[in-house]
Protein chains: 2
Amino acid sequence: MSDTVPPRLLGISTYVLARVGRTGRARMAAMLRERGLTLWDLAVLTALDDSPPASQRALARRFAIDPSDLVDVMARLLEAGLIRRDRDPADRRRYLITLTKRGRAELDHATTQAADLDKTLLAPLSPEERTHFTSMLHRLHTHHAERGITP
Amino acid sequence: MSDTVPPRLLGISTYVLARVGRTGRARMAAMLRERGLTLWDLAVLTALDDSPPASQRALARRFAIDPSDLVDVMARLLEAGLIRRDRDPADRRRYLITLTKRGRAELDHATTQAADLDKTLLAPLSPEERTHFTSMLHRLHTHHAERGITP
DNA sequence: CCTTTTCGTGGGCAATGACCAACGATAGGC
DNA sequence: GCCTATCGTTGGTCATTGCCCACGAAAAGG
């Protein structure tokens, strides 16, 4: 089982961070896949949750994603009945995207499941460490904020 | 500038972790690219550093990478004169891969550069927090160790 | 009106990563 | 001496990701 990570790599915090983050992301994707969702789907749902009905263009801008790449996401969410898509009466080019009841329920479910995932991911830490860790993590995140959401 | 990450996403530590790790990985790749190296190249160099001369097969097993995908890496490192590749006299099918002087120098350079990267990445943390953070990070890593190296 | 811009959409392209089949050269079992 | 397995290598496939161009519908500015 020579599956050992070379010590010099382990000495690079950036590497370890990236690696742990990668497995976390993979688990999250797997968790969502069981409900037929992708990471982008979840991102869109969360964005719709905390903002007034948005157009696809606005979502794309917010996520720094190409608008054309949003099309499939919207189609999937629409098909699943998680969002509603009405023409904006004020500007009939745009859509107004809103969360449906089912969409909000699905989002809530995903959120609690993500919380569970967080718990297992941070399991090796003590409760106080957990809060300290996430606090530091948030500081790193806001400090190195980059354009986009990149689920 | 509605480039804001939805708060519900920020509530998911796994998400934040993955995101920070992603930008870290990207910066590391960019840093290596300036020296003509890839993340896999660095991984191979570090592996050669802490182990006796290995065959490509052994490296592939250790990294859980397909042997055929290692070929390009070896070619690049060989071309750059960072490794030496001799036939194993005991088994002329295998190669014996060793770090050259230049290879070790390049590895040292990359390591110190990575340390700098770590410093900028963890800049928002106080020195004590930094050590605590990396300690927790290592615990998470060893606990959730997965097969492979996945640069 | 007529021109220009914006919105959603379709198409495709290049880079990436993981994976697999098969080959020549070599070694090992017997 | 044969047969089988292993090593490095070639040359693919397949899915994912980000990016870019062009279109029709609709709006906005003259």
Side-chain angles (χ1 to χ4, degrees), chain A residues 2 18-19 22-23 25-26 28-30 32-33 37-44 48 53-79 83-98 146-151, chain B residues 2 18-19 22-23 25-26 28-30 32-33 37-44 48 53-79 83-98 146-151:
Chain A
S2 56
R19 192 146 152 62
R22 191 185 174 89
T23 86
R25 181 195 143 104
M28 192 142 133
L32 289 171
R33 188 158 37 238
L37 295 179
T38 71
L39 290 157
W40 279 116
D41 294 345
L42 176 62
V44 167
L48 291 175
S55 69
Q56 290 187 198
R57 214 69 180 196
L59 287 172
R61 265 193 299 267
R62 182 169 186 189
F63 288 161
I65 188 188
D66 195 281
S68 60
D69 292 330
L70 252 187
V71 176
D72 300 346
V73 178
M74 305 311 289
R76 189 170 33 242
L77 294 177
L78 208 50
E79 167 109 19
I83 61 174
R84 200 150 41 85
R85 187 160 74 161
D86 312 297
R87 284 288 174 189
D88 186 344
D91 185 343
R92 295 179 37 71
R93 289 171 302 180
R94 339 188 151 196
Y95 285 127
L96 286 184
I97 317 286
T98 30
E146 280 186 359
R147 178 104 185 97
I149 305 276
T150 66
Chain B
S2 57
R19 192 146 151 63
R22 191 184 174 89
T23 87
R25 182 195 143 105
M28 192 139 131
L32 288 171
R33 188 159 37 238
L37 294 180
T38 70
L39 290 157
W40 279 116
D41 294 345
L42 175 62
V44 167
L48 291 175
S55 71
Q56 291 187 199
R57 214 69 179 196
L59 287 172
R61 264 193 300 268
R62 182 170 185 188
F63 288 162
I65 190 190
D66 195 281
S68 61
D69 293 330
L70 251 188
V71 175
D72 301 345
V73 178
M74 306 311 289
R76 188 170 35 241
L77 293 177
L78 208 50
E79 168 108 19
I83 60 173
R84 199 152 41 86
R85 187 160 75 159
D86 312 297
R87 285 288 175 187
D88 186 345
D91 184 344
R92 296 180 35 74
R93 288 171 303 179
R94 339 187 152 196
Y95 285 127
L96 286 184
I97 318 288
T98 31
E146 280 187 358
R147 179 102 185 101
I149 305 277
T150 66

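Being a predicted model, the structure only gives us computed values, none of them experimental.
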Novice: Does a side-chain N or O of A:Arg61 approach OP1 or OP2 of C:dG8 to a distance below 4.0 Å, or not?
Specialist: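 No.
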Novice: B:Arg92 has an atom CZ; how far is it from atom P of D:dG8, in whole Å?
Specialist: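 About 13 Å, once rounded to whole Å.
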Novice: Calculate the interatomic distance between A:Asp72 atom CG and C:dG12 atom P; express it in whole Å.
Specialist: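 In whole Å, C:dG12 P and A:Asp72 CG are 14 Å from each other.
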Novice: Round to a whole Å and report the spacing from CG of B:Asp88 to C1' of D:dG8.
Specialist: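 B:Asp88 atom CG is separated from D:dG8 atom C1' by 13 Å.
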Novice: Determine whether a donor-acceptor pair (one donor, one acceptor, N or O, separation below 3.5 Å) exists between the side chain of A:Ser68 and the base of D:dC20.
Specialist: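 Donor-acceptor pair under 3.5 Å: yes.
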Novice: Can you identify which nucleotide, out of C:dG10, C:dG17, D:dT17, has its nearest atom closest to the A:Arg25 side chain?
Specialist: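 When the side chain of A:Arg25 is considered, D:dT17 is the closest of C:dG10, C:dG17, D:dT17.
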Novice: Would you mind classifying the nucleic acid contact of B:Arg57 as base, sugar-phosphate or nothing, using non-hydrogen atoms under 4.0 angstrom?
Specialist: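 Base contact - B:Arg57 has a heavy atom under 4.0 Å of at least one base atom.
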Novice: Mind calculating the distance between CZ (A:Arg76) and P (D:dT16) to the nearest angstrom?
Specialist: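 So the CZ-P distance, A:Arg76 to D:dT16, works out to 10 Å.
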Novice: With heavy-atom distances below 4.5 Å as the criterion, would you say the side chains of A:Asp72 and A:Trp40 are in contact?
Specialist: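 No. Closest side-chain heavy atoms not under 4.5 Å.
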Novice: Over all strands shown, is B:Arg87 touching base, sugar-phosphate only, or nothing at heavy-atom distances under 4.0 angstrom?
Specialist: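 No contact.
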Novice: For the side chain of B:Arg93, starting at C-beta, report the closest nucleotide among D:dG18, C:dA21, D:dA5.
Specialist: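 Selected nucleotide: D:dA5.
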Novice: Tell me whether the count of non-hydrogen atoms from other residues, nucleotides or ligands lying under 6.0 Å of CZ in A:Arg84 goes above 12.
Specialist: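 Atom CZ in A:Arg84 is not crowded, with 12 or fewer foreign heavy atoms closer than 6.0 Å.
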Novice: Take atom CE of B:Met74 and atom C1' of D:dG8, then tell me their distance rounded to the nearest Å.
Specialist: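 Taking CE of B:Met74 and C1' of D:dG8, I get 11 Å after rounding.
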Novice: To the nearest angstrom, how far is B:Phe63 atom CZ from C:dC19 atom P?
Specialist: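 The distance from CZ of B:Phe63 to P of C:dC19 comes to 16 Å, rounded to the nearest Å.
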Novice: With DNA chain C as reference, determine whether A:Ile97 or A:Asp69 sits nearer its 5' end, using the nearest nucleotide of each.
Specialist: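 The answer here is A:Ile97.
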Novice: Would you check if A:Leu37 and A:Leu42 make a side-chain contact, meaning some heavy-atom pair closer than 4.5 Å?
Specialist: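 No. Closest side-chain heavy atoms not under 4.5 Å.
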Novice: Base, sugar-phosphate alone, or nothing: which one does B:Asp66 contact when heavy atoms must sit under 4.0 Å apart?
Specialist: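 Base: the residue B:Asp66, judged by heavy atoms under 4.0 Å, touches a nucleobase.
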Novice: Could you give the CZ-to-P distance, from B:Arg22 to C:dT16, as a whole number of Å?
Specialist: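 After rounding, the reported distance stands at 14 Å.
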Novice: From CG of A:Leu78 over to C1' of C:dT9, roughly how many Å is that when rounded to an integer?
Specialist: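 Spelled out: CG on A:Leu78 to C1' on C:dT9 is 14 Å.
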Novice: If you take all heavy atoms of A:Pro53 and A:Leu96, which pair is closest and at what distance?
Specialist: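 Between these two residues, the closest heavy atoms are O-CD2, 4.1 Å.
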Novice: Using the side-chain heavy atoms of A:Arg94, tell me which of these nucleotides is nearest: D:dT9, C:dC7, D:dT17.
Specialist: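 Minimum distance to the A:Arg94 side chain belongs to C:dC7.
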Novice: Looking at B:Gln56, B:Arg87, B:Arg57, which hits side-chain hydrogen bond (donor to acceptor under 3.5 Å, both in side chains) with B:Tyr95?
Specialist: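 Single side-chain hydrogen bond (donor to acceptor under 3.5 Å, both in side chains) partner of B:Tyr95 among B:Gln56, B:Arg87, B:Arg57: B:Arg87.
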